[in-house]
Amino acid sequence: MNIISEIKAQDNTRKFLIELDDNLKVESVLITHKRTLCACVSTQVGCPVGCTFCATGKMGFSRNLSAEEIVGQISLMQSVTEQKITNIVFMGMGEPLLNYDNVVKAVNDLRKQSYSWQKITVSTVGIPDKIRQLGKDTQCQLAISLHAPNDVIRNKLVPINQKFPIKDVLDACKEFPFSRHGPLMIEYILIENVNDKLEHAKELAALLTPFKHIVINLIQCNPVVFSPPSVETAKAFKQCLIDAGYKTIIRTTKGVDIDAACGMLATKKILNAV
Ligand code: SF4
């Protein structure tokens, strides 16, 4: 596998198009945050989940990546930057827990390479059995891409929710050993007039009451299909969650101008640009 192209955003986010040995391609991203350098890696070529806000989901699914191909993305990106990669998120193309064995092997390989579990985050839309298993098979941080406070909205955004509704996902999270594995992280993409109202924030706050240690990351949606709410609306949503007692962050959106931000990875776009 090798890097066949790179695009750099104005905020220094770097997106790489990586060709695998069978000529299929994935994208990987390096994101600079103050003193940290975070590698966002892909776990599948395309994605079978088909979230409606996500460019990757519109590519369809080709195949799972091997553990070597997942770790290989980090090695390739490390070879073209002097700064040490400090954090790794499994948040690129694909649903990590649908490629479970290779993802666990990759996490364990990275831990042997001196990355502590606090520096490795597996982000999933929520496959309940695999969440339970992950807590037993390795040690890493867990992020749930929730994006909605109820099943009616989530069914429209994350189609796999019809198979694994919110209650089943959160019940599985209750069994994840967070005392050993840090806080539960919730990813919530804010979409104008879909899930961004104060009533949604209140509903979300009520939904998460069983969890003691939680961090909610709000992400302004990138304009793939939907529009983000105004900054004021996002701030009001955040404040409502803070008032309910949750640590809540509006995550800075990185790499928008090169389609490297959350939900924007899709190799066809970069191929068309080359
Ligand atoms: S958001 Fe994640 S799980 Fe959903 S389609 Fe995109 S890559 Fe797949």
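Note that this is a predicted model, so its numbers are computed, not measured.
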pair Ile131-Ile144: side-chain heavy atoms closer than 4.5 Å: yes
Atom pair CG/NZ of Asp243 and Lys238 - distance to nearest 0.5 Å: 11.5 Å
Sub-4.5 Å side-chain heavy-atom contact between Pro183 and Lys212: no
Nearest atoms (heavy-atom pairs only) where Ile191 meets Cys221: CG1-CB, 3.9 Å
In one Ile/Leu/Val/Met/Phe/Trp/Tyr side-chain cluster, 4.5 Å: Val215, Ile250: no
Closest approach of Asn195 to His147 (non-hydrogen atoms, all atoms of both residues): ND2-O, 2.7 Å
Thr81 and Gln83: side chain donor to acceptor below 3.5 Å: no
Neighbour count >12 (heavy atoms, 6.0 Å) for atom NZ, Lys235: no
Path from Met185 to Leu190 over hydrophobic side-chain contacts below 4.5 Å: no
Test log, rule side-chain contact (heavy atoms from CB on, under 4.5 Å), inputs Gln78 and Lys84: CA-CA 7 Å; Gln78 187 64 81; Lys84 166 96 172 112; 4.3 Å; yes
Pair Gln73-Leu65, side-chain contact (heavy atoms from CB on, under 4.5 Å): steps then yes or no: CA-CA 11 Å; Gln73 294 167 65; Leu65 297 190; 3.3 Å; yes
Short N-O contact, Asp151 and Arg154, less than 4.0 angstrom: no
Any Leu218 side-chain heavy atom under 4.5 Å of Leu241 side chain: yes
Donor-acceptor contact present, side-chain Thr248 to main-chain Tyr246, <3.5 Å: yes
Side chain Asn217, main chain Arg251, donor-acceptor under 3.5 Å: no
Under 3.5 Å: donor-acceptor pair, side chain of Gln141, backbone of Gln118: yes
Close side-chain approach of Lys156 and Thr52, heavy atoms under 4.5 Å: no
Single-linkage hydrophobic cluster, 4.5 Å side-chain cutoff, Ile3 and Ile85 together: yes
Lys202: partners by salt bridge (charged side-chain N to carboxylate O under 4.0 Å, His left out), with sequence neighbours left out: none
Straight-line distance of Leu110 CG to Tyr115 OH, nearest 0.5 Å: 7.0 Å
Minimal non-hydrogen separation, Val41 against Ile88, with atom names: CG2-CG2, 4.4 Å
Minimum heavy-atom distance Cys51-Val158, with the two atoms named: SG-CG1, 4.0 Å
Lys197 atom NZ, neighbour heavy-atom count above 12 within 6.0 Å: yes
No-hydrogen, no-angle side-chain donor-acceptor test under 3.5 Å, Thr43 and Glu95: no
Least distance between heavy atoms, Cys140 atom then Leu134 atom: SG-CD2, 4.0 Å
Rounded distance (nearest 0.5 Å) linking atom CD1 of Ile219 with atom CD1 of Ile189: 5.0 Å
Any side-chain heavy-atom pair of Pro229 and Gln220 under 4.5 Å: yes
Interatomic spacing from CD in Glu6 to CG in Leu17 - rounded to 0.5 Å: 11.0 Å
Of all pairs that satisfy ring pair (Phe, Tyr, Trp, His ring centres under 6.0 Å), the ones with a partner from residues 187-238, not counting sequence neighbours: Tyr188-Phe237
Value rounded to 0.5 Å, distance of CG in Asn12 from NE2 in His33: 12.0 Å
Hydrophobic cluster membership, Leu20 vs Met77, 4.5 Å side-chain cutoff: yes
Leu98-Val169 co-clustered via ILVMFWY side chain contacts under 4.5 Å: yes
Atom pair CD1/CE of Ile18 and Met1 - distance to nearest 0.5 Å: 5.0 Å
Smallest separation among heavy atoms of Cys40 and Ile31, with atom names: CB-CD1, 4.2 Å
Note: Asp109-Lys105 ion pair, threshold 4.0 Å (strictly below): yes
Validation row: Ile160, Ile127 side chains within 4.5 angstrom (heavy atoms): yes
Tyr100 vs Asp137, side-chain contact (heavy atoms from CB on, under 4.5 Å): CA-CA, chis, key distance, verdict: CA-CA 10 Å; Tyr100 182 81; Asp137 289 345; 2.7 Å; yes
Residue pair Asn108 / Val104, side-chain heavy-atom distance below 4.5 Å: yes
Exam field: side chain Ser42 to backbone Ser28, donor-acceptor pair closer than 3.5 Å: no
Residue pair Leu146 / Leu207, side-chain heavy-atom distance below 4.5 Å: yes
Step-by-step side-chain contact (heavy atoms from CB on, under 4.5 Å) determination, Val122 to Thr138: CA-CA 11 Å; Val122 171; Thr138 190; over 6 Å; no
